[in-house]
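See structure below.
Within every chain, numbering begins at 1; the chains are lettered A, B, ... in the order of the sequence lines, protein sequences first and strands thereafter.
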There are 2 protein chains.
Amino acid sequence: MPTPLEKARKDPDSMKARILAKARQVFGQYGYHGATTRMIADEVGIDISTLYYHWGEKRDLYEAVILDVNEDLRIKLAEVEDIVHGRPMAERLDISLDIMTDYLFERPEISNLVLFRYFGKTRDEAIMDLSLPEFVSDIACASGLVPTRKNVPNHIKMRVVAMMNLMHSFVSGEDFFRSLFGIERDEYLALVKQTLKFILIPAFATDGRNGGTRCP
Amino acid sequence: MPTPLEKARKDPDSMKARILAKARQVFGQYGYHGATTRMIADEVGIDISTLYYHWGEKRDLYEAVILDVNEDLRIKLAEVEDIVHGRPMAERLDISLDIMTDYLFERPEISNLVLFRYFGKTRDEAIMDLSLPEFVSDIACASGLVPTRKNVPNHIKMRVVAMMNLMHSFVSGEDFFRSLFGIERDEYLALVKQTLKFILIPAFATDGRNGGTRCP
DNA sequence: CGAATTTTCCATCAAATGATGGAAACATTG
DNA sequence: CAATGTTTCCATCATTTGATGGAAAATTCG
């Protein structure tokens, strides 16, 4: 029997999926406590009890959102790995950053939710305990910093985390930084890519394995 | 006549200051909506109405916290500039990163609050509008990327923002990443410094003015 | 000391928020 | 169609949360 989340992902027009989609946005913008079930229901245009009928407690809906986002990220990362595998390091970084930046800019709630999970605490213990794969080892391998997903040393993991944090923070902070710099979306996106490459390529280009096969 | 914030900063033992200090911590951990005035009052060990007596609305207290943190940061940045001015770029970065990382690790609520302001929205418009100097141009100048605080180009500002985001995200995410890596505080702090330098020094070391005078 | 001022706490309110029961609307199926 | 199951909404609750009035306690000052 499929979970509610699986049902929602299978049928994107269903009420479950529509609620989940809006919940992603609202939780992403306001955080767990800042978002209310009423805000989400209003966004969908339904009564609040319909929301509870489909997803149960607020916490369960939030958990579904996190799992949903994780699944999207997993799929996207596999896609990127497919594209860049076998290329030299600098090129691989260049392409990955382009693809992931574009992807996240279209779905900023992903970066928001990831950052909220890293940095913010919740008054609800059960939510804090919601531990999930963080893809750190996968990205380390896919980006060519290590030959295998297993036993990735911590200093490499940290570099991966740094790359991800940098990207997420630029995506999440779009509104803030654009108004700080007084620029439009397109210009900001270009600036983000340029800055990411300026910072990351010098550090990583001479590092890691080049070419080679797919990540085992 | 001094503002409540000025009074609190002048007398750190006063009730105003004690409340402000706890408010920093609680707002930093849980964000604006996640923090309640009752949580803060309980932390101080006072009745909630005493809190309201000293600081008025929740929003006003939050505003005071933001201004307080900004003032601390301003002071610290000036101190760092004093120490590193005139040194070559790589050395300047090396020293600044050490000092600022140590400083923020002692006061993680600063990083938390800064990140919450960048990324999260608030249901209260008046809080979102709370615009403050962000030191970006000052840091650009102090770190030697530009010769003067004025007319710093956007691509340079972005690099500064990147450095700050990276540092803040490591500080804010301490709990999360330490449990992800399974390491102790000291080891994590060392790893953070090492990673910051690994990433930032290659990109910036060959850039910007070296030596020279203080930032005008 | 005693009056005036400041600070603190108790009791309480109104609004917001998470959550639910039950009736109505809608859909499915024999 | 009628019976059954599913979905949606209205009304309502209990709790939490921001906020305040007023009495009591503490402090200041002539």
Side-chain angles (χ1 to χ4, degrees), chain A residues 1-8 10-23 26-27 29-65 120-128 130, chain B residues 1-4 6-8 10-23 26-27 29-65 121-128 130:
Chain A
M1 61 205 111
T3 65
L5 177 57
E6 285 164 356
K7 277 193 213 169
K10 201 153 73 180
D11 181 3
D13 291 329
S14 66
M15 183 55 77
K16 274 192 176 49
R18 286 169 52 208
I19 295 171
L20 189 68
K22 290 294 184 185
V26 178
F27 278 128
Q29 287 182 306
Y30 295 94
Y32 182 75
H33 292 294
T36 71
T37 49
R38 275 177 179 77
M39 287 168 66
I40 298 168
D42 286 349
E43 283 286 313
V44 184
I46 57 171
D47 188 272
I48 183 178
S49 53
T50 302
L51 183 149
Y52 279 91
Y53 169 76
H54 284 284
W55 288 105
E57 296 182 12
K58 182 185 185 183
R59 181 202 309 159
D60 293 334
L61 175 56
Y62 186 75
E63 183 171 342
V65 164
K121 283 191 183 170
T122 306
R123 297 194 307 251
D124 186 334
E125 286 294 328
I127 284 186
M128 298 304 294
L130 221 188
Chain B
M1 62 204 109
T3 66
E6 284 164 356
K7 277 193 214 168
K10 200 154 74 180
D11 181 2
D13 290 329
S14 66
M15 183 55 77
K16 272 190 177 51
R18 285 170 53 208
I19 295 171
L20 189 69
K22 292 293 184 185
V26 178
F27 278 128
Q29 286 182 307
Y30 295 94
Y32 182 75
H33 291 296
T36 70
T37 48
R38 275 178 178 78
M39 286 167 68
I40 298 168
D42 286 350
E43 282 287 312
V44 184
I46 57 171
D47 187 272
I48 184 178
S49 52
T50 302
L51 183 149
Y52 280 91
Y53 170 78
H54 283 284
W55 289 104
E57 296 184 9
K58 182 184 184 185
R59 182 200 309 159
D60 293 334
L61 175 56
Y62 187 74
E63 183 172 343
V65 165
K121 284 190 183 170
T122 306
R123 285 179 332 234
D124 188 333
E125 288 293 328
I127 285 185
M128 296 305 294
L130 222 189

Discussion item. Could you check whether any side-chain N or O of A:Arg38 sits under 3.5 Å from a backbone N or O of A:Ile48, counting only pairs where one atom can act as donor and the other as acceptor?
Written reply: no
Item to complete: Using whole Å, report how far NE2 of B:His54 lies from C1' of D:dA26.
Response: 12 Å
Discussion item. Just the rounded figure in Å: distance from P of C:dT17 to CD of A:Glu57.
Written reply: 18 Å
Practice prompt. Please work out if A:Ala41 contacts a base, only the sugar-phosphate, or nothing of the nucleic acid, heavy-atom cut-off 4.0 Å.
Written response: nothing
Worksheet item: To the side chain of A:Arg123, which of C:dC10, D:dT17, C:dT20 is closest?
Response: D:dT17
Worksheet item: What's the closest nucleotide to the A:Asp47 side chain, out of D:dT8, D:dC10, D:dT20?
Response: D:dC10
Worksheet item: For the residue pair B:Trp55 and B:Pro4, what are the closest heavy atoms and their distance?
Response: CZ3-CB, 3.7 Å
Worksheet entry | The single option from A:Thr37, A:Ile46, A:Val65 passing side chain to side chain contact (heavy atoms under 4.5 Å, CB included) against A:Ile19 | A:Ile46
Worksheet, complete the sentence: B:Tyr53 OH to D:dG21 P, in whole Å, measures 14 Å
Worksheet item: Would you say D:dG18 has OP1 or OP2 under 4.0 Å from some side-chain N or O of B:Thr37?
Response: yes
Worksheet item: Any idea which of C:dG18, D:dG18, C:dC10 is nearest the B:Ser49 side chain?
Response: C:dC10
Item to complete: Mind calculating the distance between CD1 (B:Ile48) and P (C:dT8) to the nearest angstrom?
Response: 15 Å
Discussion item. Go nucleotide by nucleotide along DNA chain C from the 5' end; which of B:Gly45 and A:Gly56 gets its closest nucleotide reached first?
Written reply: B:Gly45
Discussion item. Taking A:Leu20's backbone N and O only, do any of them form a donor-acceptor pair with A:His54's side chain (distance below 3.5 Å, no angle check)?
Written reply: no
Worksheet entry | For atom OH of A:Tyr52 and atom P of C:dA19, their distance in whole Å | 4 Å
Worksheet item: Under 30°, 30 to 60°, or over 60°: which ring-plane class applies to A:Phe27 and A:Tyr32, parallel, tilted or perpendicular?
Response: parallel
Response to the item:
Whole-Å distance, B:Tyr32 OH to C:dA16 P, equals 14 Å
Fill in: Closest-nucleotide ordering on DNA chain D, the 5'-leading residue of A:Thr50 and B:His33
A:Thr50
Discussion item. Without decimals, in angstroms, what is the distance between B:Leu61 CG and D:dT17 P?
Written reply: 16 Å
Fill in: For atom CG of A:Asp124 and atom C1' of C:dG18, their distance in whole Å
12 Å
